2 protein chains.
Amino acid sequence: MNSVNTKICRFAQHDVIFYEGDMADRVFEIVEGAVMLYKLLPDGRRQVVEMLGPQALFGIPAHGIYDCAAETLVPTVLRSLRRRDLEEQMDLQQHITRCLLSQMERLHDHAVLLGRKSATERVASFLFRFVANRGGVGCTGPGKGEVDEETVRLNMTRQEIADFLGLTIETVSRVFSDMKRRGVICIEKTDQIRINNVCGLCHLTGAH
Amino acid sequence: MNSVNTKICRFAQHDVIFYEGDMADRVFEIVEGAVMLYKLLPDGRRQVVEMLGPQALFGIPAHGIYDCAAETLVPTVLRSLRRRDLEEQMDLQQHITRCLLSQMERLHDHAVLLGRKSATERVASFLFRFVANRGGVGCTGPGKGEVDEETVRLNMTRQEIADFLGLTIETVSRVFSDMKRRGVICIEKTDQIRINNVCGLCHLTGAH
DNA sequence: CGGGAATTTGACAGTGGTCAAGTGCCGTGG
DNA sequence: CCACGGCACTTGACCACTGTCAAATTCCCG
């Protein structure tokens with residue numbers, strides 16, 4: 001997405017980019033940073049439906065109105081484009097399709113998490129997302145004798161994590177404490193966690 | 001999707017179209033019928049992640065392998081196309097994008113349902129999907145004095161409903177019984193339900 | 001009408017939610 | 001440099017909702 005009429009915008013942490021229901025005249029690509037998309041129920045319950053990183057596209061609505069709110073998790077740089085322009089850029093269509101398809105697969109996994117996983121499995125799956133290299137096929141485990149640890153930076157409050165995982169803040173906190181007690185993780189700072197045993201964590205996700 | 005190399009296939013009810021993990025060489029469009037996409041956890045838990053009707057596209061994977069299994073809910077007619085051909089049909093790209101975007105919005109709603117709604121709200125939301133005309137903006141209610149009822153055909157077993165809503169079969173059954181007791185619905189046949197008060201049902205969805 | 005599967009119902013248990021109190025972290029200001 | 005205040009997070013006690021397991025019932029179809 002690097003053509004006419006693109007505009008670069010910078011956002012601070014926790015800035016709102018748009019609200020659900022806003023007229024969707026612009027679409028966005030993440031250049032750097034992270035964004036969450038969420039929906040609210042009238043009584044205030046919130047569900048974070050997607051978390052997006054660099055290269056992701058968002059704000060392309062099916063019907064002219066944003067179906068989610070978008071908010072940054074960290075200071076973020078976005079490239080934005082008028083929606084009309086996007087539609088006319090035929091050469092972009094295939095790129096858009098590809099982005100949407102990966103996001104769709106993530107949404108499917110997230111549905112499994114929300115519909116069928118326990119609190120521990122949800123938190124484990126969540127932490128596991130941050131271990132980049134292991135995302136792929138076949139958690140083969142570490143090379144033998146290798147220390148299988150990793151420190152990750154969440155960049156999300158407990159409330160945001162809870163709203164993403166379909167839990168409450170207290171449950172998220174309790175699961176973290178449990179995992180700490182069992183030696184799976186160390187909480188170095190509230191928002192920075194060392195996974196002592198990635199392979200062990202993987203088994204807690206329910207996917208293996 | 002009406003070009004070279006398309007192939008029409010007919011499937012009976014509950015036929016499997018493909019399994020998760022199969023090589024994704026063909027993509028599908030629903031001509032007539034209904035299809036569910038689901039994923040399984042290794043211990044057998046299942047989550048239905050999408051239910052699709054006519055015109056929907058599915059089986060377009062981000063990475064060459066189907067990320068979900070696909071199974072018909074009713075006898076279904078599909079049009080299929082080699083994946084390579086689809087990619088080359090530039091004139092289709094915009095259509096694909098549009099389909100994916102609507103599906104994405106549905107997935108967002110489904111995430112809210114799975115992450116934040118109670119059993120009753122889930123079942124109510126589920127039934128509400130079948131009331132076609134009311135899907136849109138502003139459940140304005142029936143014209144005054146009008147009988148506000150509707151009979152819907154589910155075409156899904158209780159197990160399929162449960163796996164779609166992230167519940168157990170027993171909970172789904174109990175919620176149906178509750179609603180019957182409270183006069184919101186009548187269960188004419190296990191799979192055919194009369195909604196006595198659409199507006200009332202709508203209030204049970206949690207979205208109002 | 002009969003048989004088997006799907007659904008419903010009941011009793012009970014457990015996970016996660018709620019509400020309230022306690023602790024810790026971090027920035028501000030003295 | 002340290003004391004203070006506020007906010008985020010953690011912990012505890014209790015409860016409700018939904019899951020589990022088992023039994024009864026109904027539905028569907030031959």
Side-chain angles (χ1 to χ4, degrees), chain A residues 12-14 41 43-47 73-74 112-127 153-182 184-193 204-206, chain B residues 12-14 41 43-47 73-74 112-127 153-182 184-194 204 206:
Chain A
Q13 188 166 33
H14 300 300
L41 289 174
D43 61 4
R45 283 176 287 180
R46 180 173 77 160
Q47 179 64 46
L73 293 170
V74 294
V112 174
L113 180 148
L114 294 173
R116 289 299 180 211
K117 292 193 180 179
S118 70
T120 303
E121 289 171 335
R122 293 183 201 201
V123 172
S125 304
F126 173 72
L127 288 175
R153 192 63 180 287
L154 305 183
N155 287 315
M156 295 173 74
T157 65
R158 292 287 185 272
Q159 187 62 63
E160 286 163 348
I161 296 170
D163 288 344
F164 181 58
L165 300 180
L167 299 169
T168 59
I169 200 174
E170 293 94 334
T171 300
V172 171
S173 183
R174 270 186 259 271
V175 173
F176 275 133
S177 300
D178 257 33
M179 287 181 167
K180 186 175 62 182
R181 219 168 295 128
R182 292 195 282 160
V184 184
I185 61 172
C186 291
I187 302 178
E188 304 187 335
K189 291 164 54 179
T190 38
D191 148 279
Q192 180 178 317
I193 288 178
L204 294 177
T205 62
Chain B
Q13 189 166 31
H14 301 298
L41 289 174
D43 61 4
R45 284 175 287 179
R46 181 173 75 161
Q47 179 64 46
L73 293 171
V74 294
V112 174
L113 180 148
L114 294 172
R116 289 301 181 210
K117 293 192 178 179
S118 70
T120 303
E121 289 171 334
R122 293 183 201 201
V123 172
S125 303
F126 172 72
L127 288 175
R153 192 60 180 285
L154 305 183
N155 287 315
M156 294 174 75
T157 65
R158 293 286 185 272
Q159 186 63 62
E160 286 164 346
I161 296 170
D163 287 344
F164 181 57
L165 299 180
L167 299 170
T168 59
I169 199 175
E170 294 93 335
T171 300
V172 172
S173 183
R174 270 187 259 272
V175 173
F176 275 132
S177 300
D178 257 33
M179 287 182 167
K180 186 175 64 183
R181 220 169 294 129
R182 290 195 282 160
V184 184
I185 61 173
C186 291
I187 302 179
E188 305 187 334
K189 292 163 53 181
T190 36
D191 143 285
Q192 180 178 316
I193 287 177
R194 186 170 80 244
L204 294 177

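Just so it is clear, the structure is predicted and the values come from calculations on it, not from any experiment. Just so we're on the same page: letters track the sequence lines, and every chain starts at 1.
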A:Gln47 (side chain) donor-acceptor with A:Phe164 (main chain) under 3.5 angstrom: yes
A:Lys189 vs A:Leu167, nearer the 5' end of DNA chain C by closest nucleotide: A:Leu167
Boundaries of the DNA chain D segment in contact with chain B, non-hydrogen, under 4.0 Å: D:dT18 to D:dC28
Residues touching DNA chain D, which here means a heavy atom under 4.0 Å, drawn from residues 172-181 of chain B: B:Arg174
Base-paired stems in DNA chain D, each at least three Watson-Crick or G-U pairs under 3.5 Å: C:1-30 with D:1-30
Which residues share a salt bridge (Lys or Arg N to Asp or Glu O under 4.0 Å) with A:Glu160, sequence neighbours left out: none
Point-to-point distance, once rounded to the nearest 0.5 Å, from CZ of B:Phe176 to CG of B:Leu127: 5.0 Å
B:Ser173 side-chain N/O to B:Ile169 backbone N/O, donor-acceptor pair under 3.5 Å: no
Residue mapping more 5' on DNA chain C - nearest nucleotide basis, A:Glu170 or A:Arg122: A:Arg122
Gap separating the CE atom of B:Met179 from the CG atom of B:Leu204, nearest 0.5 angstrom: 5.0 Å
Separation of A:Ile187 CD1 from A:Lys180 NZ (nearest 0.5 Å): 4.5 Å
Span of DNA chain C in contact with chain B (heavy atoms, under 4.0 Å): C:dT7 to C:dA11
B:Leu165 side, atom CG; B:Met156 side, atom CE - distance, nearest 0.5 Å: 7.5 Å
From OG1 (B:Thr120) to CG (B:Asp178), nearest 0.5 Å: 6.5 Å
Residue pairs involving residues 161-175 of chain A (criterion salt bridge (charged side-chain N to carboxylate O under 4.0 Å, His left out); sequence neighbours excluded): A:Arg46-A:Asp163, A:Asp163-B:Arg116
Expected output: side-chain B:Glu121 to main-chain B:Ser118 donor-acceptor under 3.5 Å: yes
Any donor-acceptor pair under 3.5 Å from B:Gln13 side chain to B:Leu73 backbone: yes
Inter-residue atom distance B:Arg158.CZ - B:Thr171.OG1, 0.5 Å rounding: 13.0 Å
A:Lys117 side chain vs A:Thr205 backbone, donor-acceptor pair below 3.5 Å: yes
